[in-house]
Amino acid sequence: MAHSYAMYSSVAVGTLGIFLAFVVYTFGWINPDRVMNAVKPLHNFLQNKWYFDELYDATVINGSKAFARGLAWFDLHVVDGLVNLVAQLGVFVSFLVGKFDDYVVDGAVNGVASATIGGGSVLRRLQTGKLYHYVFVLAGGALVIFLIKAF
Amino acid sequence: MGFVDSHILSLMTFLPVLGAAVLLCVPKGKDDVIRWIAAAASFLPLVLAVKLWFAYDRTMAGVNTASQFQFVEHYLWIPSINVEYFLGADGISMPMLILTALISFLAVIGSFGITNKVKGYMALILLLETGMMGVFAALDFFLFYVFWEVMLLPMYFLIGIWGGPRKEYAAIKFFLYTLAGSVLMLLALLALYFNTTNPETGGHTFNLLHYMAQGTHNAWLKGFDVRVLLFLGLFIGFAIKVPLFPFHTWLPDAHVEAPTAISVILAGVLLKMGTYGLMRISFPIFPDVTIWFVVPMAVLGVVNIVYGALCAMAQSDLKKMVAYSSVSHMGFVMLGMAALTPLGMAGASMQMFSHGLITAMLFFLVGVVYDRAHHRQIDGFGGLGAVVPVYTAFVSFAFFASLGLPGMSGFIAEQMVFLGSFGVLRPFVIVAALGIIFVAAFHLWALQRVFLGPLNPKYATLEEINAREIFCLAPLGILVMAVGVWPMPLLNLLNASAVRLVDLVKAVI
C-alpha cells in the first residue's frame, strides 16, 4: 500500500534526522562547522530558503510594481494628456476665434463706425454755410437732371 | 404628519436648500450657529430617510410602472412644454436616497473643522445635497437634468475655493468634463422629447416612465442607428460621472484637491449618479441597445477594476490612491450591470451602496492624517500604528472593507457581482477576479508603509483621532459590518427592482 510506504519512509526520515541531531549536537561525533564549510554553497542556498523570497521580489513583486508604475505613467501622460490636449486645443481655438472676433467681426463694427466718422468728416466740408455754394450745387444738379432727361 | 408623509421626497430634497437660505441670514462671525443650522438641515433628511426605510414596501418593483413607485409626487410643473414635477422611489433609488442623506449629514459634521468662509461653504454643501437628492428622486428627465446641473455648480465652488494647491485646475476640469457629458445627455433628452408622445395627453413628454414604454417612440426613434447614437450620448454622459476608463482622469484631480468632506461626497454619492443614470434611464429606455453593448460594458468594467487597482498601487499620495481605488470599485458596478442577470444587477446596486460607505470612510480617514501631518505621502510616514492605535484600527478596518474581506459589505457586493456575471461573462469575471489581488496588494502595501515598520520620529507625537472624527466614521463602519454580516434587509430593499429591471431589458430578446 502506498500509504504505508509514505508512513514508513517519513518515520524513517524523521528518525534519521533526530539521530543526526544527536550525533552532531549531543555526542559531538561530527563538527557542524566543518560540514557547513564543506558544503558552503548548498548551506547558503538552504539558509536562504532556496532564495524564494528573492525570486518573488525580483519577478512577481517588482514586476507588478513596475507594471503599476507604467500604467500610472500612461494614465497621467497619455489618458489625461489627451484630456489636457483637448483643453489646450479648446484654448487655442478660442484664441483664434477671439482674434477673429477682435479683428474681423469687431473690425467690421469699428469699420462701420470709422467709415461713418470718416464719411462725415468728408461730407461736412459740403456744409460751408455760404449761400452761393448751395445755389451753385443746385444749378449744377438741375443741369445734370436736364441732361439726363434730354438724352 | 399628513403633509410630511405625502411630500417626503420633496422635503428630503428641499430641506437642505431651505436650511441654506436660513443660514445665509445668520450674521457674519457666528460660525457655530451656521454650522449647527447646516447640521440640522442635513439631519432632517436623514430622519426622513430612516422613515423611508421603514415605510418602503419591498414587494413593489417600480422601474417602469408608475403605480409601483412609492412616495410619489406628481404635478405638472411647466405645462407649456409638459415638464412634470414627478418624484418617486423604487428599489433602484431607495439605497441611493438613504446613502445621500447619510453621507451628506456626515460630510456636514466632518466639515466643522472648516474655518474659512464657513457660511458660503455650508450653504453650498446644502445646495449640493438638494441636487443629489433631486437626481435620485426625479422620474422626469427634465427634472433629472435640472438637478444634475444644480449639483455641478456648488461642487465647482467647493473645490475651487476650499480646495488644495491645484484647486482651480481641478475645479474647472471637473466642471467642464461633467458639462461635456451633460451636453450629450441634453441632446439625447431633446431627441427623446421630440420623438415620443405621452399616451395620456398626446403631447411630447419628459416622463421617463413613458420613454420606457417603447410604444411611445415614433418611427425615427425606433431606428436602431438612432437608438445606438442616443444610447452612446447618454452612456458617455454617465460614464464620465462613474467614471469609466478612459473618462476617469478628472477624478484623481478633483478628489485630491477637494477638501475632505467634499471628497467624501464626490466619491460616496456623486460617482453613483453615473451608474444610477444607466439603471434609471439608459437601460430601460434602450433595452435593445443595452443588450448589444453588453460586451463593451463588461470590458470597461473589467478595465476599471484592474487598471484602477494598478494605478492605485503606483500612487505615492494616499488620497490619490483612494481616488483610484474608487475607479476600481466602480468597475464592479459596471460589470454586475453588464451581466443583465438579477443577481448581477442586485450586486451592482449593493456595490454602489457599499462603496459609498467604504470610500466615505477612506476619504475621512485620509483627511484625519492630512489635518495633522499636512501631507499625504505614503512613504513619508512609517510606524504610525504605535502612535495612533485607534486611528490605525479604523484605517485597517476601512482598508479591509475596501479590499473585500468577508464579513464586510464590499465582499457581499463583489461576490454577488461575480456570481451574477460568471455564467454569462466568464472570461471577464476571471480577469476581474485576478484584479482583486492587486486591489488587496495596494491596500496592504500602503497599510504596511504608513502604519508598520520603524516609527518615523517626525510623527512620534501625532495626535490621535478625535471624537468628532470618530462620530463621522462609526456609523459608516457599523453599516459596513451590518451589511456584511446580514445583507438581507438591504438586499430585500433593492431586489424586486433589480429583477424587474433585468426582466424589462431582457424582454426585447
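Note that the structure is a prediction, hence the values are computed from the model and not measured. Chain naming here is simple, since letters A, B, ... match the order of the sequence lines and numbering starts at 1 in each.
With rounding to the nearest 0.5 angstrom, the CD1 atom of B:I430 is 11.0 Å from the CZ atom of B:F428. Separation of atoms CG (B:L152) and CZ (B:F174) is listed at 5.0 Å; rounding is to 0.5 Å.
Listed by first and then second residue, the salt bridge (Lys or Arg N to Asp or Glu O under 4.0 Å) pairs involving residues 28-48 of chain A amount to none (not counting sequence neighbours).
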Between chain A and chain B, going by a 3.5 Å limit, which atoms form donor-acceptor pairs, if any?
unit_1, atom_1, unit_2, atom_2, d
A:D75, OD1, B:H248, NE2, 2.5
A:D75, OD1, B:Y307, OH, 2.6
A:D75, OD2, B:H248, NE2, 3.3
A:D75, OD2, B:Y324, OH, 2.1
A:D80, OD1, B:K173, NZ, 2.5
A:D80, OD1, B:T249, OG1, 2.9
A:D80, OD2, B:K173, NZ, 2.9
A:N84, OD1, B:Y169, OH, 2.7
A:N84, ND2, B:Y169, OH, 3.1

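Across all non-hydrogen atoms, the minimal contact from B:A432 to B:I305 is CB-CD1, 3.7 Å. Minimum interatomic distance between B:V327 and B:G308 (heavy atoms only, all atoms of both residues): CG1-CA, 4.1 Å.
If you look at B:F332 and B:F418, their ring centroids are closer than 6.0 Å.
With a threshold of 4.5 angstrom between heavy atoms, A:V83 approaches chain B through side-chain atoms but not through N, CA, C or O.
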